[in-house]
Amino acid sequence: MDNRELLAELLLPNIDKTPDYYENMYPERNLPEGARVTRVAPSPTGYLHLGTLFTSLVNRITATSSGGVFYTRIEDTDKKREVEGGIEDIIDGLWRFGITIDEGFISGSEQKGIYGPYQQSHRAEIYQTYVKDLIKKGLAYPCFCTAEDLEAVRKVQEENKIRTGYHGEYARHRDISYEEAKALIDEGKTFVVRLRSPGSEENRITFDDTIKGKIEMPENDEDFVLLKSDGIPTYHFAHAIDDHLMHTTHVLRGDEWISSVPKHIQLFKLLGFKVPKYGHVSPIMKLDNGAKRKISKRKDPEAAVHFFAEQGYESICVIEYLMTIAASDFEDWRRANPDADYRTFKFNLKKMSVSGALFDENKLNDVSKTKIAAMKSDEVYEHLTAWAKEFDGEFYEMLTANSDFTKAMLAIDRDDAKKPRKDLAKWSEAKQYFAYFFDALYTPNHTLPENIDAADAKAFLAEYKKVYDVADDRQAWFDKIKLVAPKFQFAAETKEYKANPDAYKGSAGDLSTILRIAITGRTNTPDLCSIMQVLGYDECIKRIDAMIEVL
RNA sequence: GGCCCGUUGGUCAAGAGGCCUAAGACACCGCCCUUUCACGGCGGUAACACGAGUUCGAAUCUCGUACGGGUCACCA
């Protein structure tokens with residue numbers, strides 16, 4: 001046995017398989033030409049992040065549009081940062097947003113597919129097998145440097161203005177002999193396994209990023225860590241092994257990875273793997289004191305996708321909004337296909353923005369309002385109550401105490417309307433918006449607009465009471481307002497009033513406003529006639545009387 | 001600091017040397033429609049970061065500057 005073989009046996013004595021074993025175990029996927037295999041590989045370090053959702057969406061739709069496969073893989077190689085229930089949180093979150101998962105972790109505890117296990121902490125033997133092979137080939141070696149050793153080297157490099165890192169002459173254990181290694185191990189020293197990089201900073205490599213285009217960078221010459229001292233791989237190594245074995249065709253990930261691409265390409269080539277296509281997704285940004293910055297888990301509530309659920313944004317609305325960021329031609333498509341499922345949109349990575357988009361709440365609200373406006377009352381009822389049940393128990397009780405009443409309320413300007421109102425963007429707005437329908441929420445406010453005289457208002461309400469019939473349809477209802485209008489010198493027709501404003505105190509429109517204030521305490525509500533029908537005769541009279549009383 | 005990437009109205013963006021007197025959407029403003037609000041219709045304000053160069057011609061190509069972002073771990 002030569003030095004390399006001895007080293008390999010010394011370092012990884014329990015590994016008895018060779019890479020061939022795994023190559024045979026995980027065969028090529030049987031997929032049609034052009035089908036793309038994508039994945040999202042989150043670390044269970046906390047809740048589902050907006051950025052993770054975004055990249056998941058991009059991966060998902062890329063697979064879908066090409067008839068491919070989208071799978072999840074858990075990157076739990078850093079035990080220190082792991083959070084209890086993290087896997088479940090992320091996977092369930094994906095499903096909740098309609099990101100379907102074909103393979104890998106399909107719930108917090110279930111895996112599906114023949115390329116597993118889909119959790120890196122359970123794949124140690126696989127990684128070690130490949131590392132052992134690399135050592136035998138002289139492409140990897142043990143490094144016994146401690147954190148302090150590395151720190152000292154870095155300091156020297158910084159002082160001498162040399163590029164920091166474990167490369168070239170600073171790769172101290174690069175040519176360690178079997179004997180040296182054995183002695184150190186016998187002393188009880190721990191080690192990591194590093195790549196013996198054949199690269200040089202002088203060389204340039206280029207790769208074609210499917211999102212950002214052609215990128216040129218110096219070749220990697222750093223002997224970066226493959227296996228940590230606990231025998232678990234670093235991200236770089238796990239990425240190469242897993243994406244190769246799981247036959248990922250497109251690695252679509254956050255653009256913080258761009259600078260690691262030279263490492264990855266080198267690794268794939270050294271391992272004899274086919275290099276996948278890379279696409280680097282720009283982060284979603286946020287405006288902070290006039291400065292653009294990446295949305296941060298720590299500072300921004302909307303970084304946690306849970307925020308949107310709490311606010312009562314429909315998950316599909318968040319997704320559609322993200323689609324407008326992901327694909328510059330999505331909005332046009334949406335206008336042309338207002339009812340189509342977004343999944344049928346033909347997604348093209350080339351249409352993605354190369355710079356990070358600012359998160360735009362206005363736009364989200366617009367997308368959301370349009371979506372909710374298109375719903376029928378039954379659907380709104382279902383979604384609203386589901387939200388309230390989880391986030392506002394008190395409101396939930398009110399909504400469900402009399403579901404027919406609530407549904408009638410929700411049907412106003414919606415079910416029979418040619419052009420439904422665009423009002424609600426998120427369910428948390430509903431409580432305030434519909435407050436006057438519920439005794440517990442309604443606080444009368446009898447403030448009149450400045451152009452209306454209190455005496456007139458009082459007289460009008462008293463007169464209106466006499467003719468009011470809850471059974472009137474919209475036309476009859478308005479005719480009655482017009483009927484009484486002349487008695488107070490108000491114009492029955494808006495046009496008349498506009499043509500000759502001095503002849504009148506106001507128009508039928510102003511009278512409606514008085515009535516609206518009496519009934520709802522507001523000047524801005526959906527169709528008043530319908531509101532009065534839903535509220536019922538007694539309640540309306542009660543409110544009218546209450547207003548007459550205070551005037 | 002080294003290495004990457006980026007920069008078109010307030011926001012998202014179209015744009016591949018002449019079709020750009022620079023599209024569209026959101027937001028904002030005005031008018032019309034209208035019982036209110038909304039929808040809808042019509043219109044408006046508003047942008048190629050800066051400087052050189054290449055070219056008959058540059059938002060588009062090149063270089064430099066500025067600004068922004070990312071990355072330089074036994075984290076992903």
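First the proteins, then the strands, lettered A, B, ... as listed; each starts at 1.
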Applying a 4.0 Å non-hydrogen cut-off, can you work out what [X] is touching in the nucleic acid: base, sugar-phosphate, or nothing?
| X | answer |
| --- | --- |
| Arg335(A) | sugar-phosphate |
| Cys143(A) | nothing |
| Arg253(A) | nothing |
| Ser507(A) | nothing |
| Ile215(A) | sugar-phosphate |
| Ser282(A) | nothing |
| Glu216(A) | sugar-phosphate |
| Ser229(A) | base |
| Ser328(A) | sugar-phosphate |
| Arg81(A) | base |
| Val192(A) | base |
| Ile481(A) | nothing |
| Lys286(A) | nothing |
| Arg414(A) | nothing |

For a quick test of reading the model: is some side-chain N or O of [X] closer than 4.0 Å to OP1 or OP2 of [N]?
| X | N | value |
| --- | --- | --- |
| Lys79(A) | A76(B) | no |
| Lys212(A) | G69(B) | no |
| Ser259(A) | C4(B) | no |
| Lys228(A) | C75(B) | yes |
| Thr77(A) | A76(B) | yes |

Expressed as a whole number of Å, how far does the [atom1] atom of [N] sit from that of [M]?
| N | M | atom1 | value |
| --- | --- | --- | --- |
| A38(B) | G30(B) | P | 12 Å |
| C39(B) | C28(B) | P | 9 Å |
| U60(B) | A49(B) | P | 8 Å |
| C61(B) | U8(B) | P | 14 Å |
| A46(B) | C12(B) | C1' | 15 Å |
| A22(B) | C4(B) | P | 36 Å |
| A25(B) | A47(B) | C1' | 15 Å |
| C48(B) | A23(B) | P | 13 Å |

Could [X] and [Y] be called an ion pair, given the rule that one side-chain N must be under 4.0 Å from one carboxylate O?
| X | Y | result |
| --- | --- | --- |
| Arg204(A) | Glu219(A) | no |
| Glu463(A) | Lys487(A) | yes |
| Asp366(A) | Lys363(A) | no |
| Asp255(A) | Lys212(A) | yes |
| Arg39(A) | Asp243(A) | yes |
| Asp223(A) | Arg174(A) | yes |

Which nucleotide in the list [options] gets nearest to the side chain of [X]?
| X | options | answer |
| --- | --- | --- |
| Phe478(A) | C12(B), C74(B), U35(B) | U35(B) |
| Lys422(A) | C74(B), A38(B), U7(B) | A38(B) |
| Asp366(A) | A76(B), A27(B), U36(B) | A27(B) |
| Asp527(A) | A27(B), U35(B), U36(B) | U35(B) |
| Glu256(A) | U71(B), C4(B), G24(B) | U71(B) |

Can you measure [X] atom [atom1] to [N] atom [atom2] for me and round it to whole angstrom units?
| X | N | atom1 | atom2 | result |
| --- | --- | --- | --- | --- |
| Asp360(A) | A27(B) | CG | P | 9 Å |
| Gln475(A) | U35(B) | CD | P | 9 Å |
| Lys350(A) | G15(B) | NZ | C1' | 17 Å |
| Asp423(A) | G40(B) | CG | C1' | 16 Å |
| Ile325(A) | C12(B) | CD1 | P | 9 Å |
| Leu358(A) | G6(B) | CG | C1' | 14 Å |
| Ile205(A) | C3(B) | CD1 | P | 16 Å |
| Tyr235(A) | U71(B) | OH | P | 13 Å |

Return the nucleotide paired to [N]: Watson-Crick means purine N1 to pyrimidine N3 with N6-O4 or O6-N4, wobble means G-U with N1-O2 and O6-N3, both under 3.5 Å.
| N | value |
| --- | --- |
| A38(B) | none |
| G43(B) | C29(B) |
| G53(B) | C61(B) |
| G1(B) | C72(B) |
| C12(B) | G24(B) |
| C19(B) | none |
| C67(B) | G6(B) |

Inset, instruction - Report the residue (Val225(A) or Arg204(A)) whose heavy-atom-nearest nucleotide on RNA chain B is the more 5′ of the two. - result: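 By nearest-heavy-atom nucleotide position, the 5'-most residue is Arg204(A).
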Inset, instruction - Please figure out whether Asp332(A) or Lys80(A) has its closest RNA chain B nucleotide nearer the 5' end. - result: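 Taking each residue's closest nucleotide, the earlier one in sequence belongs to Asp332(A).
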Inset, instruction - Confirm from the modelled atom types if Lys363(A) and A27(B) form a donor-acceptor pair under 3.5 Å, side chain to base only. - result: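 No such pair is found, so the answer is no.
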Inset, instruction - Report yes if some heavy atom in the side chain of Tyr235(A) is under 4.5 Å from a heavy atom in the side chain of Thr77(A); otherwise report no. - result: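 SC-SC contact between Tyr235(A) and Thr77(A) ruled out.
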Legend entry - For the student: nearest non-hydrogen atoms of Ser530(A) and Arg474(A), plus distance: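 Scanning both residues completely, I find the closest heavy atoms to be OG-NH2, 3.6 Å.
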Legend entry - Minimal non-hydrogen separation, Gln533(A) against Val470(A), with atom names: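 Taking Gln533(A) first and Val470(A) second, the nearest heavy atoms are CG-O, 3.6 Å.
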Legend entry - Ser260(A) (side chain) donor-acceptor with Lys263(A) (main chain) under 3.5 angstrom: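 Not a single qualifying donor-acceptor pair exists.
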